[in-house]
Amino acid sequence: CSPWFSLQAVRLSPAGRGRMRRVTPSEEDPDLAAILTVVDRFFAAFTSGPGVEERLDALRAVMLPEAVVVRTCGLPPAVYDVEGFIAPRRALLTDGSLTDFSEHATGGRVDRFGDIAHWFGGYSKDGRFHGEPYPGAGMKSIQLVRTAAGWRVSAAAWDDVREGLRLEDRVETETGR
């Protein structure tokens with residue numbers, strides 16, 4: 001049973017003409033299942049405790065070697081390559097400063113066309129940083145491409161909730177172009 005109960009996949013209708021067809025995750029769709037597995041692994045990597053090394057290795061395995069990850073969070077964007085993204089998180093998750101930590105999606109949306117896909121959704125995180133409660137939430141954007149080895153993350157970006165920015169401030173716009 002997947003936690004993606006509110007997720008919808010969107011793809012062009014067979015008739016084309018720019019119309020979209022919405023499908024739910026319960027429909028038989030191996031691409032959607034594979035994409036959600038990658039998204040699950042992305043979030044699962046950020047869990048402290050036993051198995052952290054394996055989860056971080058699994059994260060690396062679902063990312064293109066050239067993938068880019070960007071943190072915004074009200075600061076100048078910080079751009080990471082795969083190793084530059086994983087290394088500081090590995091340190092935080094293994095050195096005892098971040099404990100009882102986990103991060104998970106709270107719902108999202110997948111848009112897909114051919115060999116490209118995009119997951120956009122909310123997430124929450126919770127744990128203890130230097131013994132103090134460390135809650136949080138925000139939105140992530142994960143772009144994926146289909147490779148010979150399966151769906152892989154080509155880019156990801158996130159922004160956290162903070163003073164002046166709430167999850168309710170999310171804007172979704174269908175532009176028609």
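Because the structure is predicted, anything quoted here is derived from the model rather than measured.
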Residue pair Trp119, Phe43: steps toward the ring pair (Phe, Tyr, Trp, His ring centres under 6.0 Å) verdict: CA-CA 12 Å; Trp119 182 89; Phe43 282 101; 5.5 Å; yes
Salt bridge (Lys or Arg N to Asp or Glu O under 4.0 Å) between Asp159 and Arg71, worked out: CA-CA 6 Å; Asp159 199 349; Arg71 184 244 341 140; over 6 Å; no
CA sep, side-chain torsions, deciding dist, call: Met63, Val38, side chain to side chain contact (heavy atoms under 4.5 Å, CB included): CA-CA 9 Å; Met63 297 182 82; Val38 170; over 6 Å; no
ILVMFWY clustering at 4.5 Å (side-chain atoms), partners of Val79: Val68, Val70
Can [X] and [Y] be counted as an ion pair, charged N to O under 4.0 angstrom?
| X | Y | result |
| --- | --- | --- |
| Lys140 | Glu103 | yes |
| Arg90 | Asp95 | no |
| Asp111 | Arg109 | yes |

Evaluate the side-chain proximity of [Y] to [X]: yes if any heavy-atom separation is below 4.5 Å, no if none is.
| X | Y | answer |
| --- | --- | --- |
| Leu144 | His118 | no |
| Leu167 | Met139 | yes |
| Glu53 | Thr94 | yes |
| Arg89 | Val52 | no |

Polar side-chain atom of [X] near backbone of [Y] as donor-acceptor pair, under 3.5 Å:
| X | Y | result |
| --- | --- | --- |
| Arg146 | Gly114 | yes |
| Arg152 | Ala61 | yes |
| Ser97 | Phe129 | no |
| Thr72 | Trp158 | yes |
| Thr106 | Ser124 | no |
| Ser141 | Ala157 | no |
| Arg55 | Thr47 | yes |

Residues, nucleotides or ligands: over 12 heavy atoms within 6.0 Å of Tyr134 OH: no
Glu168, CD: over 12 other non-hydrogen atoms inside 6.0 angstrom: yes
Geometric class of the Phe46/Phe85 ring pair [parallel <30°, tilted 30-60°, perpendicular >60°]: perpendicular
CA sep, side-chain torsions, deciding dist, call: Leu59, Arg41, side chain to side chain contact (heavy atoms under 4.5 Å, CB included): CA-CA 6 Å; Leu59 173 62; Arg41 286 192 183 146; over 6 Å; no
Stepwise side chain to side chain contact (heavy atoms under 4.5 Å, CB included) test for Phe101 and Asp126: CA-CA 5 Å; Phe101 186 80; Asp126 193 36; over 6 Å; no
Interatomic distance, Leu92 atom CG to Thr99 atom OG1 [nearest 0.5 angstrom]: 11.0 Å
Atom pair CG (Leu32) and CH2 (Trp151), whose distance is rounded to the nearest 0.5 Å: 10.0 Å
hydrophobic_cluster_shared for Phe120 and Leu165, side chain cutoff 4.5 Å: no
Salt bridge (Lys or Arg N to Asp or Glu O under 4.0 Å) against Glu83, all qualifying residues, sequence neighbours excluded: Arg60
Closest non-hydrogen atom pair between Ala45 and Leu93, with its separation: O-CD1, 3.6 Å
Pair Asp160-Lys125, side chain to side chain contact (heavy atoms under 4.5 Å, CB included): steps then yes or no: CA-CA 10 Å; Asp160 283 347; Lys125 56 187 175 182; 3.0 Å; yes
